[in-house]
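Below is one structure; the comments refer to it alone.
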Amino acid sequence: MDNGESSTNNSSRPWESYNTVFTNAKAGMEGVDKEKVQRIVYELSKGSKYFQNEERKETLMKQKIEHMHDRSAKLSSSDLSNYQKVVDRRILELEATRDLSRIWLHVDMDAFYAAVETLSNPSLGGKPMAVGGLSMISTANYEARKFGVRAAMPGFIARKLCPDLIFVPVDFTKYTHYSELARKVFRNYDPQFIAGSLDEAYLDITEVCRERGLSGGEIAEELRSSVYSETGLTCSAGVAANRLLAKVCSDINKPNGQFILQNDRSTVMTFISSLPIRKIGGIGKVTEHILKDALGIKTCEDMVQKGSLLYALFSQSSADFFLSVGLGLGETDTPQARSRKSISCERTFSATEDEKLLYSKLAEIAEMLSDDMKKEGLIARTLTLKLKTATFEIRSRAVSLKRYTCSSEDILKHATKLLKAELPVSVRLIGLRMSQFSDEIRHSDPSQETITKFIVQKDFSRQNLDDNKIDASKNCLSNDESMSLSFDTHETSYDQLKDVLENEEQSQLDANKVPPNQECTRKEERPQVLEGDALLIKHKEYKPDTSHSMNDNSSAQNSEPVTLFLPIEPLFWIDGYKCNLCGIELPPSFVEERQEHSDFHLAQRLQNEESGSSSSTTPTSKRRILGKEKANSKPKKQKQSEKDDATCHLVLYYPHTISFQERTPEEMKMALNLIPPKLNLSPSNSLGEPKSLPSMSDILTSSRARNLDLKIQTLGPFFRVTGKNADTGGEIGRAEGVVRPWFGQGLVLHLDTIRLTKETMKMDKSVLGVGLYVGAVAIRHGYDCGCRTAQLLAIYDSDLYHSKLVRFYRRIGFEEVKEVSGSLIGDMADMLVWGGVGTRMDANIHHLLLKWSKVFLKSNV
DNA sequence: ATACATACC
DNA sequence: TACTGGTATGTAT
């Protein structure tokens, strides 16, 4: 913004147009003569190669802003109102994920490196000091910050700002030591805390607060004083309902302070409303300027206000992020420890064109990188060369190798080729990075993300079928070209992995100084990543029934890690119309059907992973989708489930891997009630809701009387209802599904799973009880979401259960619509969605609720 | 898959 | 004497 506005008068004060990050409001920067700092930075920088490059980048940024501004100006009001509908819908969905039940604490050590240096050399106390050198400063203490000296500032500029500045070289060994001391304290409050870096961490203190009956603020006080007594270092803390907010909060009363944001929606909204967007992690200098200058978005509140612009001009994921920021939402769960995705090494030197010199620098870096990889026990197959030219332009060149490697010879060989192609060039930095590690399981994380995105976005795009601006195809797994490409890759990478693992043992016998434990290191690595596989972990979590049985994938030091994880087979259309997984033929014009179809395969795969029998994926799905062999084809999985789980899977075809947010029915209802009237798309509601219909809380109250503990969780259009025994906490039933548009019927409540434990199935009374209640919550949820119809498929897997199921659903109020046998063309839609044959049963939601109202309202009295 | 940009500490 | 190094991720092609 500075540049935009000051461009009018920068002839008199040219430094004002030099857009540096060094004058951003930052802790310890209050009372700094910003203009002086800006002037000095400018004086020392102007005309330099660095400066010129900054100007170049700034020009590009302004073009970007201009372009975005133009695009926003060209949007018609009908465009905007369409996007507003998208925004309204997303607000609804995002709001439903709000979780105010967790308490997150973000700790941030104050001027960490500098404070550690002062600790080991107390004579530095009270004097302006910076950790780093004349070329770059890592951290400055608060005395130095008074002069405008700060992290990421070159030392020679800092010295100009503060001639008495003391420079202390960085010493990571020291910082790591103190970091570990602090982390020991963190562990007492959250053993699973998330380390952001050496000097900061996120702690989920929900449990500590509850157990000890203390507030977040009290815990923060105690933690900070404990950190101080253990390390002699001060830190600041922020406490809030999610990590994003906690991080913002920890910065507010820095240094040696804390800020607590109450877990209350209106408090959060007030807090967020005036918050400058730059305070949000992930929004940096460029994004700030783009949003501000092109769209006039300054505060987080503006993100919601101008949501339609955001969805019109940015990718959906970006717009979603911005919108959720505007709503004060952030991560509330503890993610699985993530494994690194790349390793790199780079060095700056005085710029040179000398090829011999450059090659020798390259060799040094290759050597260092290789050493680091060996230390970490990593092998990778993508090599990226990074060059910073004498003019500060960054170039990167990458190759993917046929084999995984960590050897300096391999790295150097390929890096040299890459460098050679760039010569002649004057270079001031060379870097090498290796990525695409051989950790096979790594694939499941991104794919899981893709699935979630895919499904959510598919739904999103359906709301805009007439709107070409939203490109649904790029999110669609049936995107032939790209998918077949990555299919190949997965195949080869699997083979290569085997090769590598076999060859690795050989190569270790080869003189190489690889420590003998390296193989071990890598093997240890793999189960670790395994634990990080949300697929497996989450299933356990969601399926208490299975915890006693099956192979415990996550704990074992498995002797055959490779065979456990077959590569994921992405779906693509052979010759443009034939599914590579099951052979079903669907012309490209069947866009929606194709989406459903890939949907099914993904769900199927996840389901198989859950059961641990991934090998049955294809045959099972094939048989099902082709409608052959019916009962005889009974998948192994189903038998396992019945035997091991002691559950009866009625319909089980939806991914369980989505991270749902826990909400009680009341919270759910609250969330829905928070939506402004114009956002309420429910046709039922617009007609006025008859008093006689049981409300969510009616159902809940009634269920409590029957010793049932009901919960509904949602993620966007998806939902999950669980019913537990209020005494034992054991799950006795659940329903899962999605609110989705159905061919020509508007929104329907699509029940993908209703599962009751076997115990429940045996006792007819309980079946009706649990099933009715679980169903009622789901149905009421559908009603609240504007669905008129609920539909399900009682899958024909066994005669015994099938007839029982149909009877059960009939008693609940569903009606048999038709038998989906797979023999009729008309069955296709159902088979594509459910991936099986059975009895399609529908119910009118309004009628259901009316019919049930007696039950729930009566037991209320 | 690759190139480049952005962000964070 | 002249503006880091390591990692992750988003966007475009």
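Chain naming here is simple, since letters A, B, ... match the order of the sequence lines and numbering starts at 1 in each.
Summarising the geometry, the separation between CG on A:Asp199 and P on B:dC9 is reported as 8 Å, rounded to the nearest angstrom. Rounded to whole Å, the distance from CZ on A:Phe349 to P on C:dT4 is 12 Å. Put simply, CZ on A:Arg340 is 13 Å from P on C:dT9, counting in whole angstrom units. A straight line from CG of A:Leu134 to C1' of C:dC3 spans 12 Å, rounded to a whole angstrom. Atom pair A:Met61:CE and B:dC4:P shows a separation of 20 Å (rounding to whole Å applied). When the C1' atom of B:dC4 is taken as reference, atom CD of A:Glu422 falls 13 Å away, rounded to whole Å. Atoms NZ (A:Lys285) and P (B:dC8) sit 12 Å apart, rounded to a whole Å. For A:Leu244 and B:dC8, the CG to C1' distance is 14 Å, given to the nearest whole Å.
Using modelled atom types and a 3.5 Å distance limit, the side chains of A:Asn253 and A:Ser236 yield no donor-acceptor pair. For the residue pair A:Tyr175 / A:Glu117, a side-chain donor-acceptor distance below 3.5 Å is found, with atom types taken as modelled. There is a side-chain donor-acceptor pair under 3.5 Å between A:Asp302 and A:Thr299.
If you check distances only, the side chain of A:Arg278 never reaches the base of B:dT6 with a donor-acceptor pair under 3.5 Å.
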Is there a ring-ring contact (aromatic ring centres under 6.0 Å, His included) between A:Phe322 and A:Tyr311 once you walk through the steps? CA-CA 9 Å; A:Phe322 293 144; A:Tyr311 277 86; 9.4 Å; no

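Among residues two or more places apart in sequence or in another chain, the side-chain contact (heavy atoms from CB on, under 4.5 Å) test is passed with A:Leu134 by A:Arg159, A:Phe167.
In the set B:dT2, C:dG5, C:dT4, the nucleotide with an atom closest to the side chain of A:Arg347 is C:dG5. Here B:dT6 is the nucleotide among B:dT6, B:dT2, C:dT7 with the atom lying nearest to any side-chain atom of A:Val286. Side chain of A:Glu346, nearest nucleotide from C:dG6, B:dC9, C:dT1: C:dG6. With C:dA2, B:dA5, B:dC4 as the candidates, the nucleotide lying closest to the side chain of A:Ser48 is C:dA2. Relative to the side chain of A:Thr287, the nucleotides C:dG6, B:dT2, B:dT6 differ in distance, and B:dT6 lies closest. Taking only side-chain atoms of A:Ser396, from C-beta outward, the nucleotide of B:dA1, C:dC3, B:dA3 with the closest atom is B:dA3. For A:Ser45, the listed nucleotide lying nearest its side chain is C:dC3; candidates were B:dA3, B:dA1, C:dC3. For A:Arg159, whose side chain is taken as the heavy atoms from C-beta onward, the closest listed nucleotide among B:dA3, C:dC3, C:dT1 is C:dT1.
For B:dA7 and C:dA2, the P atoms lie 29 Å apart once the distance is rounded to whole Å. Going from the P atom of B:dC8 to that of C:dC3 covers 23 Å, rounded to whole Å.
Listed pair A:Arg338 / C:dT7 fails the phosphate criterion, with no side-chain N or O lying under 4.0 Å from OP1 or OP2. In this structure, A:Ser344 reaches the C:dT7 phosphate: one of its side-chain N or O atoms is under 4.0 Å from OP1 or OP2. For B:dC4, neither phosphate oxygen OP1 nor OP2 lies less than 4.0 angstrom from any side-chain nitrogen or oxygen of A:Lys57.
Contacts of A:Lys388 with the nucleic acid, taken as non-hydrogen atoms under 4.0 Å apart, involve only primed sugar atoms and P, OP1 or OP2. Within the nucleic acid shown, A:Ser197 comes within 4.0 Å of sugar-phosphate atoms alone, with no base atom in reach, counting heavy atoms only. Here A:Arg433 lies out of heavy-atom contact (under 4.0 Å) with every strand. Heavy atoms of A:Ile280 sit under 4.0 angstrom from primed sugar atoms or phosphate atoms, though from no base atom. Here A:Ile283 lies in heavy-atom contact (under 4.0 Å) with sugar-phosphate atoms only. Within the 4.0 angstrom heavy-atom criterion, no nucleotide atom of any strand lies near A:Leu198. Residue contacts shown for A:Ser135 are limited to sugar-phosphate atoms, with no base heavy atom under 4.0 Å away. A:Lys247 comes within contact range of the sugar-phosphate backbone alone, with a heavy-atom separation under 4.0 Å but no base atom that close. Using a 4.0 Å heavy-atom distance criterion, A:Gly196 is classed as making no nucleic acid contact.
Toward the 5′ end of DNA chain C lies the nearest nucleotide of A:Phe392, the other residue of the pair A:Ile343 and A:Phe392 mapping further downstream. Nearest-nucleotide positions on DNA chain B place A:Val399 closer to the 5' end than the other of A:Val399 and A:Leu60.
With ring centers used as reference points, A:Phe437 lies 6.0 Å or more from A:Tyr404.
Applying the salt bridge (Lys or Arg N to Asp or Glu O under 4.0 Å) test to every pair with at least one member in residues 382-394 of chain A, sequence neighbours left out, gives these pairs: A:Glu346-A:Lys386.
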